[in-house]
Amino acid sequence: MTEPTHPTNFIRHIIDADLAAGKHDRRVVTRFPPEPNGYLHIGHAKSICLNFGIARDYQGRCHLRFDDTNPAKEDVEYINSIQEDVRWLGFDWGTHLYHAADYFGRLYDWAEQLIAAGKAYVCELSAEEIRTTRGTLTQPGKESPYRHRPSAESLDLFRRMRAGEFPDGSRVLRAKIDMASPNLNMRDPVMYRIRRESHHRTGDAWCIYPMYDWAHGLSDALEGITHSICTLEFADHRPLYDWYLAAAATEHRPQQIEFARLNLTYTVMSKRMLLELVKDRHVGGWDDPRMPTISGLRRRGVTPEAIREFCDRIGVAKMDSTIEMGVLEAAIREDLNVRVPRVMCVHRPLRVIVENFPEGRVEELEAPFFPDDPPKMGARKIPFARELFVEQDDFLEEPPKKFTRLAPGREVRLRWGFILKCHAVVKDSGTGAVTELRCTYDAESGTGAPRDGRKIGSAIHWVAAAHSVPVQVQLYDRLFTVPDPAGGGADFKTHLNPQSLEVLTGARAEAAVGAASPGTRFQFERRGFYFADPIDSRPGAPVFNRIVALRDSWAKVAGGG
RNA sequence: UACCCGGUGGUGUAACGGUAACACUAGGGGUUUUGGUCCCCUCAUUGGUGGUUCGAAUCCACCCCGGGUAGCCA
């Protein structure tokens, strides 16, 4: 037995059993069926990885099918973004791209068959009346007065519905099942409604549109789907799914299996809420790097590999659960750690004058791109000069006990460079803020070769002032301040994190960083992983999104007091 | 309180009647010119009560708790 590529789960167990039992002709065909009414998010990624992953591992196939039965909410903009996102995630539907709308004709024919068989009828109750006669969770519904009309009459009416003889909302086609069923989905569900709405795919060919339940199962059957995987809230629909397949006497009988959708802490996953964030301008758009959308994660700089790894780690089950954001962050760090070169970028520069280093002189030092694996990408030269920039928070005038960075009278290692000692602090006479450090360097400490045994606390990143380039850095944090913004009673937007984006315009980086083309990733040493924004960057003026910060155990010590 | 679905460490997932595994988090230690990485260690007897069994997280019964469902949305 070979090592399984992916953790197992209850759905794979079901498929194993089906295969062993010879079900579905021993085929495995899945599908990812988004409605084109919004952008894909990481919750969809879970479903995509599940469906396409199963198809791959069982030598089956996975279809991409747009569940486009409600033209009022759907748009080609979404059709395009969804395809782009699925492809970017690394999956391929080959020739199996479908639209529920392409089945409208066959769905219609099947509907006529049901009517002829006395299994469906045209109902003239208003939407309001249908609702009130449906009963409640604890009380049975009442039969529609149109329920027992002759099938010939329903057939005639249904044809005229299609022909456009009746106004929107005046009639629906209903399945004749059981108004007393404890499952509300079985209380004569609506199959078709009249809606004069232009469809992105069928134009004005239809003025009646099928409902989800009627369209979905039959679409699965038409495509020969074997395992129709959906989220938990559809479990109550399964009896209806099966009823429709039986009523239509389809050749294939796919089976619906439900799993728990993804919940992530410190974000929201509902399309409605995401749309609201976009429309109310709380974020820059669907692809804002703070959004949990696929396009947002891509824009942020997260790789498809990291997302796939994340999806493997979280597993698949039926229990409602919420994954900690830390799991996603860990997957991202692990992926980037081995593939992204290290460079230095000072975020909030503090000027350092190296008093014993001659003005005008420059010394070239060598720094590896992958310190843990030097041959990987080699090294670059970094210039050292009299005037440097170090990070403001790497200096403390009155350092706490465990602080090992720079302070008056203290030494620190300049990463890939000399040992630096701080002698004096220059402050702004007005504000009292530290504006400059007067230091000296130890010329003998050059390459980090054996020294005199002195213990140097830490190595800090730096750049030579004159050789550094200005870059814009955008620090992203969690979009919300609470783990479950959508929970509780309050409007989720009251939990928006006002500090979810911090723009640093004064950052200084190594020259090579300034020349980076959009889409380039770096680890800025000691800070995090960054991505040259493909949209905001301009030639020679990259804008870096922080993808994820490095784990920071010092922050825990310092922050804890 | 009608029907459906769930309850395994802080968070997730696994174990499919044979004695609780993996990941993340947290804490501790080692390595380290990133307070990074890497390595090692520690943290659960499986909602409760009974029952079946040589043996139960796995099977049965009852109870408790959580989630879903009353669109002409998907």
Side-chain angles (χ1 to χ4, degrees), chain A residues 7-10 13 33-35 37 67-70 72-74 123 125-128 130-132 134-141 168-174 181-187 189-195 208-209 211-213 215-216 230-239 258 260 265 271 312-331 333-334 337-338 342 344 367 371-373 402-405 412-417 419 445 447-448 456-461 523-528 549-558:
Chain A
T8 190
N9 58 56
F10 79 99
H13 288 319
E35 182 188 15
N37 68 344
D67 230 329
D68 50 0
T69 56
N70 185 4
K73 294 187 174 179
E74 297 153 9
C123 180
L125 255 26
S126 68
E128 171 70 11
I130 286 180
R131 188 172 62 74
T132 56
R134 181 154 32 228
T136 68
L137 293 176
T138 52
Q139 286 169 305
D168 286 12
S170 62
R171 285 168 180 76
V172 292
L173 181 70
R174 289 229 254 172
S181 172
N183 183 339
L184 305 225
N185 294 120
M186 301 299 269
R187 318 241 262 228
V190 171
M191 295 168 65
Y192 276 93
R193 72 281 216 191
I194 304 173
R195 260 236 225 311
I208 58 171
Y209 289 98
M211 296 287 290
Y212 164 82
D213 291 293
H216 198 86
C230 63
T231 44
L232 251 29
E233 68 272 23
F234 291 101
D236 287 338
H237 293 240
R238 194 178 347 122
E258 310 87 18
T265 56
K271 280 187 191 174
D312 280 346
R313 288 182 185 185
I314 61 179
V316 176
K318 298 189 75 165
M319 185 170 79
D320 284 296
S321 61
T322 301
I323 307 292
E324 292 176 338
M325 187 62 90
V327 178
L328 209 210
E329 292 169 346
R333 286 194 194 99
E334 188 176 302
N337 183 50
V338 295
R342 274 67 169 167
M344 294 195 282
D372 295 326
D373 185 13
K402 290 178 178 169
F403 189 81
T404 57
R405 280 114 83 153
V412 76
R413 181 110 224 167
L414 290 177
R415 181 78 162 155
W416 311 124
I419 290 171
S445 63
T447 60
I456 304 298
S458 50
I460 66 172
H461 58 285
Q523 180 193 112
F524 291 158
E525 290 209 65
R526 304 206 306 137
R527 296 263 91 137
L550 255 29
R551 183 177 279 112
D552 185 358
S553 52
W554 169 248
K556 288 171 193 163
V557 176

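The shown structure was predicted, so the numbers you read here are calculated from the model rather than taken from an experiment. All chains are named by letter (A, B, ...) in the order of the sequence lines, taking the proteins before the strands, and each is independently numbered beginning at 1.
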Sorted by position of nearest nucleotide on RNA chain B, 5' first, the leading residue of Thr138(A) and Arg342(A) is Thr138(A)

**Asked** Base, sugar-phosphate, or nothing: which does Arg131(A) touch, judged by heavy atoms less than 4.0 Å apart?
**Response** sugar-phosphate

Closest non-hydrogen contact found for Asp236(A) with Asn185(A) is O-OD1, 3.1 Å

query: What class does the angle between the rings of His237(A) and Tyr212(A) fall in, given that below 30° is parallel, 30 to 60° is tilted and above 60° is perpendicular?
result: perpendicular

In whole Å, what separates the P atom of C4(B) from that of U25(B)?
40 Å

* Considering only atom C1', compute the distance from A21(B) to C65(B) and round it to an integer number of Å. => 27 Å

* Asked: Just by distance, do the side chain of Arg171(A) and the backbone of Arg193(A) share a donor-acceptor pair under 3.5 Å?
  -> no

Considering only heavy side-chain atoms of Lys556(A), the closest of A26(B), U13(B), C24(B) is A26(B)

When rounded to whole Å, the NZ to C1' distance for the pair Lys271(A) and G71(B) reads 16 Å

Notebook entry, point to check: NA contact type, Val327(A), heavy-atom cut-off 4.0 Å: base, sugar-phosphate, or nothing?
Noted result: sugar-phosphate

Using a cut-off of 4.0 Å on non-hydrogen atoms, how would the nucleic acid contact of His237(A) be classed: base, sugar-phosphate, or nothing? base

Is the aromatic ring centre of Tyr212(A) closer than 5.5 Å to the centre of the six-membered base ring of A74(B), with the two planes inclined by less than 30°?
no

inquiry  = Quick check against the 3.5 Å criterion: does Ser181(A) have a side-chain atom that pairs as donor or acceptor with the backbone of Met186(A)?
reply    = no

Practice task
For C41(B) versus G48(B), give the span between their C1' atoms, rounded off to a whole number of Å.
Solution key: 34 Å

Side-chain contact check for Met211(A): nearest option of C72(B), U8(B), U34(B) is C72(B)

Per the O4'-C1'-N9-C4 / O4'-C1'-N1-C2 angle with a 90° window around 0, G71(B) comes out syn

Give Gly169(A) one of three labels, base, sugar-phosphate or nothing, depending on what nucleic acid heavy atoms sit under 4.0 Å from its own. base

Span that lies between the C1' atom of U53(B) and that of C60(B), in whole angstrom:
12 Å

_Determine whether a donor-acceptor pair (N or O, by modelled atom type, separation under 3.5 Å) exists between the side chain of Thr231(A) and the backbone of Ala260(A)._
no

- Task: Without swapping roles, check the side chain of Arg413(A) against the backbone of Ile419(A) for a donor-acceptor pair under 3.5 Å.
- Result: no

Against the side chain of Phe403(A), the closest entry in G35(B), C72(B), U33(B) is G35(B)

In this structure, CG of Leu232(A) is separated from CG of Asp320(A) (nearest 0.5 Å) by 5.5 Å

**Request:** Establish, with yes or no, whether the OP1 or OP2 oxygen of G36(B) is under 4.0 angstrom from a side-chain nitrogen or oxygen of Arg527(A).
**Result:** no

Closest to the side chain of Thr8(A), out of G36(B), A14(B), U13(B), is A14(B)

Here RNA chain B, pairs taken as Watson-Crick or G-U under 3.5 Å and shown with ( ), [ ] when crossing and | when to another strand, reads .((((((..((((....[..)))).(((((.......)))))....(((((..]....))))))))))).....

Got a donor-acceptor pair under 3.5 Å from the side chain of Asp236(A) to the base of G68(B)?
yes

Base, sugar-phosphate alone, or nothing: which one does Leu550(A) contact when heavy atoms must sit under 4.0 Å apart? base

On RNA chain B, more 5' by nearest nucleotide between Gly315(A) and Arg415(A) is Gly315(A)

| task | Quick one: label Thr322(A) by what it contacts on the DNA or RNA (base, sugar-phosphate, nothing), any heavy atom closer than 4.0 Å. | result | sugar-phosphate

Sidechain-backbone polar pair: Thr69(A) side chain, Met211(A) backbone, donor-acceptor under 3.5 Å
no

- prompt: Looking only at atom C1', what distance separates U1(B) and G66(B), rounded to whole Å?
  reply: 15 Å

* To do: Determine the contact category for Leu125(A): base if any of its heavy atoms lies under 4.0 Å from a base atom, sugar-phosphate if only primed atoms, P, OP1 or OP2 are that close, otherwise nothing.
  => base

Going by modelled atom types, is there a donor-acceptor pair between the base of A14(B) and the side chain of His13(A) at under 3.5 Å?
no

Open item on the list: Under 4.0 Å, heavy atoms only, any strand: does Val338(A) hit a base, just the sugar-phosphate, or nothing?
Closed with: nothing

Ignoring hydrogens and geometry beyond distance, is the side chain of Arg526(A) in donor-acceptor contact with the base of U34(B) at under 3.5 Å?
no

Practice problem: Determine the interatomic distance between P on G47(B) and the same-named atom on C40(B); round to the nearest Å. | Solution: 31 Å

| query | Given the P atoms of G10(B) and G18(B), what is the spacing between them in whole Å? | reply | 26 Å

Regarding the side chain of Glu525(A), the nearest nucleotide among U34(B), U13(B), A74(B) is U34(B)

Checking G35(B), C73(B), A70(B) against the side chain of Ser553(A) (C-beta onward), the nearest is G35(B)

Worksheet item: Across the strands shown, which category fits Phe524(A) at heavy-atom distances under 4.0 angstrom: base, sugar-phosphate, nothing?
Response: nothing

| Touch check for Asp320(A), heavy atoms < 4.0 angstrom, all strands: base, sugar-phosphate only, or nothing? | sugar-phosphate

- Quiz item: Asp552(A) side-chain donor-acceptor pair to G36(B) base, under 3.5 Å: no

By the 4.0 Å heavy-atom rule, please label Tyr209(A) as base, sugar-phosphate, or nothing.
nothing

Closest to the side chain of Phe234(A), out of A74(B), A70(B), U8(B), is A74(B)

Out of C73(B), U33(B), G10(B), minimum distance to the side chain of Glu324(A) belongs to G10(B)

Q: Report which part of the nucleic acid Thr69(A) touches: base, sugar-phosphate, or nothing (heavy-atom distance under 4.0 Å, all strands).
A: sugar-phosphate

Note: Glu525(A) and His461(A) closest approach over all heavy atoms is O-ND1, 3.7 Å

request  = Please work out if Ala317(A) contacts a base, only the sugar-phosphate, or nothing of the nucleic acid, heavy-atom cut-off 4.0 Å.
outcome  = sugar-phosphate

- Task: Check whether any side-chain N or O of Arg333(A) sits under 3.5 Å from a backbone N or O of Asn337(A) as a donor-acceptor pair, and report yes or no.
- Result: no

The nucleotide from G6(B), C73(B), C72(B) with an atom nearest the side chain of Ala127(A) is C72(B)

One should read off an interatomic distance between Gln523(A) CD and Leu550(A) CG, to the nearest 0.5 angstrom, of 4.5 Å

Please confirm whether any donor atom in the side chain of Arg405(A) sits under 3.5 Å from an acceptor in the base of G35(B), or the reverse.
yes

C1' gap between C43(B) and G50(B), integer Å: 31 Å

*Using a cut-off of 4.0 Å on non-hydrogen atoms, how would the nucleic acid contact of Leu137(A) be classed: base, sugar-phosphate, or nothing?*
base

